[in-house]
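Encoded as structure tokens, the structure appears first; notes follow it.
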Protein chains: 2
Amino acid sequence: MPRNSGVLELAVLGLLHDSPLHGYELRKRLNALLGSLRAFSYGSLYPCLKDMLARGLIAQETPAQSGGQRSRIVYRLTAEGKERFQDMLSEAGPSSWEDETFGVHFAFFGRTDAEVRLRILEGRRSRLEERLDGVRAALARTRERVDGYTLELQRHGLESVEREVRWLSELIDSERGAERHHQHMNGSTTTSEGGGDPSATTGR
Amino acid sequence: MPRNSGVLELAVLGLLHDSPLHGYELRKRLNALLGSLRAFSYGSLYPCLKDMLARGLIAQETPAQSGGQRSRIVYRLTAEGKERFQDMLSEAGPSSWEDETFGVHFAFFGRTDAEVRLRILEGRRSRLEERLDGVRAALARTRERVDGYTLELQRHGLESVEREVRWLSELIDSERGAERHHQHMNGSTTTSEGGGDPSATTGR
DNA sequence: GTTAGCATGTAAGGAGTTACATGATTTT
DNA sequence: AAAATCATGTAACTCCTTACATGCTAAC
């Protein structure tokens with residue numbers, strides 16, 4: 001029984017995949033990675049690490065305390081941890097396109113199979129489109145009852161979701177384009193383009 | 001000791017301010033009001049109502065079961081509830097411009113003093129600008145380390161926040177304009193053009 | 001007559017924060 | 001020497017969801 005959300009665990013696995021890190025640094029990278037999406041406190045990170053350690057997903061690496069600072073506990077992925085990471089990435093289910101979860105999955109798309117990427121993007125998009133329908137229906141039903149501010153709030157919310165749908169559509173097109181060009185290199189290149197490089201269509 | 005978040009309580013107070021409602025209907029309006037921002041389940045709404053009832057903020061009104069359906073428990077605001085609502089609306093503190101809270105406060109701007117509205121809008125904006133600085137700094141620091149997808153995620157997140165800042169700026173300008181000549185330009189602009197002045201559409 | 005929606009609730013538990021406690025190291 | 005930041009951790013608590021339990025009413 002995992003004591004953590006899955007989101008946090010996935011993010012930790014992903015970050016440790018690149019390089020071993022200690023908790024404090026891990027948290028900073030976590031919050032940089034998720035940016036405005038989410039923020040975790042030590043109170044959730046450390047217990048999570050403890051749990052993952054107990055389950056054998058990560059291992060402690062006490063660095064030689066010769067020159068450097070002591071008291072830093074560096075964690076690295078075990079083979080089981082790598083396996084678990086791949087398993088979690090392969091899961092393209094309803095849990096992959098919820099608000100919080102989607103961002104983390106997306107952040108690790110560089111290590112995700114092209115077909116899984118597409119399924120997650122499309123799942124996320126249709127999820128948002130369902131929500132759009134709901135909000136639009138609610139807007140139509142309550143149009144007369146609400147005041148200007150409530151209306152403005154809902155209008156802005158609607159626009160935000162519509163904007164994200166367009167973003168997803170561009171990404172999906174981009175993925176399909178890359179797929180056609182049979183550029184299916186599944187290399188472990190931590191930098192630049194692997195698979196469908198998303199910056200291709202958004203041009204900046 | 002309130003057993004609920006404050007957000008939920010404020011929203012319930014605001015909705016019951018308009019008209020008495022029963023729990024089931026209340027929840028629907030709640031989720032319509034907050035749209036894509038948030039959703040509450042019965043498991044949090046009913047206990048909240050129970051608590052608010054115990055604190056005297058709301059009262060049960062068992063409707064005459066002559067013609068209509070039984071088993072519907074209609075709640076209405078008490079005098080204390082109205083007072084509490086006004087108190088909560090007048091609070092323009094850091095708690096008013098957090099993600100979840102801000103939306104609810106905004107939805108009831110129609111009942112909020114103009115000066116408080118401005119302070120909340122400005123507080124929210126500077127909150128987001130702080131976040132922008134943080135994200136931009138993180139982006140600059142990690143530019144070389146991340147792959148295309150991570151970068152795209154952060155870029156999109158940044159754009160979303162920038163967009164909300166512009167929205168807030170338009171609202172603030174609109175508020176100031178309305179404040180200056182105490183009249184509304186009444187463009188009926190519920191669409192994106194100009195942002196409109198929400199307070200103008202339904203004067204009170 | 002059975003599925004679907006309306007309506008109210010409770011118990012258990014998950015996920016995470018806050019506040020606290022501790023100590024080392026760096027900066028001022 | 002004091003203050004800030006790095007670093008790790010725990011306990012209590014908050015807020016909310018899920019799953020369950022119940023019964024009524026409308027539609028098909």
Side-chain angles (χ1 to χ4, degrees), chain A residues 1-12 20-32 34 37-54 58 60-63 65-75 94-95 98-101 103-104 134 137 141, chain B residues 1-12 20-32 34 37-54 58 60-63 65-75 94-95 98-101 104 134 137:
Chain A
M1 285 109 202
R3 284 273 169 278
N4 52 70
S5 70
V7 183
L8 183 51
E9 181 174 318
L10 178 59
V12 167
L21 292 169
H22 61 276
Y24 195 86
E25 178 68 20
L26 200 46
R27 191 230 183 188
K28 284 199 299 184
R29 302 234 182 154
L30 211 54
N31 294 339
L34 302 183
L37 280 175
R38 207 143 178 6
F40 289 101
S41 62
Y42 299 116
S44 42
L45 177 59
Y46 284 118
C48 176
L49 288 172
K50 195 182 176 183
D51 182 61
M52 289 170 73
L53 185 65
I58 56 179
Q60 287 183 352
E61 247 181 19
T62 311
Q65 64 258 51
S66 55
Q69 310 87 325
R70 210 214 89 286
S71 90
R72 307 214 297 193
I73 302 174
V74 176
Y75 295 96
S95 55
E98 287 306 308
D99 286 321
E100 345 74 44
T101 324
V104 182
R141 256 188 283 110
Chain B
M1 297 105 200
R3 282 275 169 278
N4 52 71
S5 67
V7 183
L8 183 52
E9 182 174 317
L10 178 59
V12 167
L21 292 169
H22 61 276
Y24 194 86
E25 178 67 20
L26 201 46
R27 191 231 182 185
K28 283 200 300 185
R29 302 232 183 157
L30 211 54
N31 293 339
L34 301 183
L37 280 176
R38 207 142 179 6
F40 290 100
S41 63
Y42 298 116
S44 43
L45 176 58
Y46 284 118
C48 175
L49 288 172
K50 197 182 177 183
D51 182 60
M52 290 170 74
L53 185 65
I58 56 178
Q60 285 183 353
E61 247 180 21
T62 312
Q65 65 258 50
S66 55
Q69 309 89 323
R70 205 212 89 284
S71 89
R72 307 216 294 194
I73 301 175
V74 176
Y75 295 96
S95 55
E98 288 306 307
D99 287 322
E100 346 73 45
T101 324
V104 183

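Letters A, B, ... mirror the listed sequences (proteins, then strands); counts begin at 1. Values below: all heavy atoms of this structure, side chains included; hydrogens, waters and symmetry mates excluded.
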Does dT8(D) have OP1 or OP2 under 4.0 Å away from a side-chain N or O of Lys50(A)? no
Would you indicate, yes or no, if dG9(D) has its OP1 or OP2 atom less than 4.0 angstrom from a side-chain nitrogen or oxygen of Tyr42(A)? no
I want to check something: taking the side chain as every heavy atom from C-beta on, are Ile73(B) and Leu49(B) in contact at a cut-off of under 4.5 Å? no
Leu8(A) CG to dT17(C) C1', straight-line distance once rounded to whole Å: 13 Å
Taking only N and O in the side chain of Lys28(A), is any of them less than 4.0 Å away from OP1 or OP2 of dA7(D)? no
Let me know the distance between OH of Tyr46(B) and C1' of dA11(C), rounded to the nearest Å. 17 Å
Check whether any side-chain N or O of Arg27(A) sits under 3.5 Å from a backbone N or O of Phe40(A) as a donor-acceptor pair, and report yes or no. yes
Are OP1 or OP2 of dA15(C) and a side-chain N or O of Ser5(A) less than 4.0 angstrom apart? no
Write down the distance between OH (Tyr24(B)) and P (dC24(D)), rounded to a whole number of angstrom. 17 Å
Rounding to a whole Å, what distance do you find between Leu30(B):CG and dT17(D):P? 10 Å
Return no unless some side-chain N or O of Arg38(A) is found under 4.0 Å from OP1 or OP2 of dG16(C). yes
Separation of dT17(C) P from Asp99(B) CG (nearest whole Å): 13 Å
With side chains defined as the heavy atoms from C-beta onward, is the minimum distance between Gln60(B) and Tyr75(B) less than 4.5 Å? yes
Spacing of Asn4(B) atom CG relative to dC13(D) atom C1', expressed in whole Å: 15 Å
Does any part of the side chain of Glu100(A), heavy atoms only, come nearer than 4.5 Å to the side chain of Glu98(A), both counted from C-beta? yes
So, OP1 or OP2 of dT17(C): does either fall under 4.0 Å of a side-chain N or O from Ser44(A)? yes
Starting from C1' on dT8(D), measure out to CD on Glu25(A) and report it in whole angstrom. 15 Å
Closest nucleotide among dG9(C), dG16(C), dC6(C) to the Phe40(A) side chain: dG16(C)
So which nucleotide from dA7(D), dA7(C), dT8(D) ends up closest to the side chain of Arg72(A)? dA7(D)
Between atom CG in Leu26(B) and atom P in dG9(C), what is the gap in whole Å? 12 Å
Regarding Gly43(A), tell me which of base, sugar-phosphate or nothing describes its non-hydrogen contacts under 4.0 Å with the strands shown. base
With a 4.5 Å limit on heavy-atom distance, are the side chains of Asn4(A) and Val12(A) in contact? no
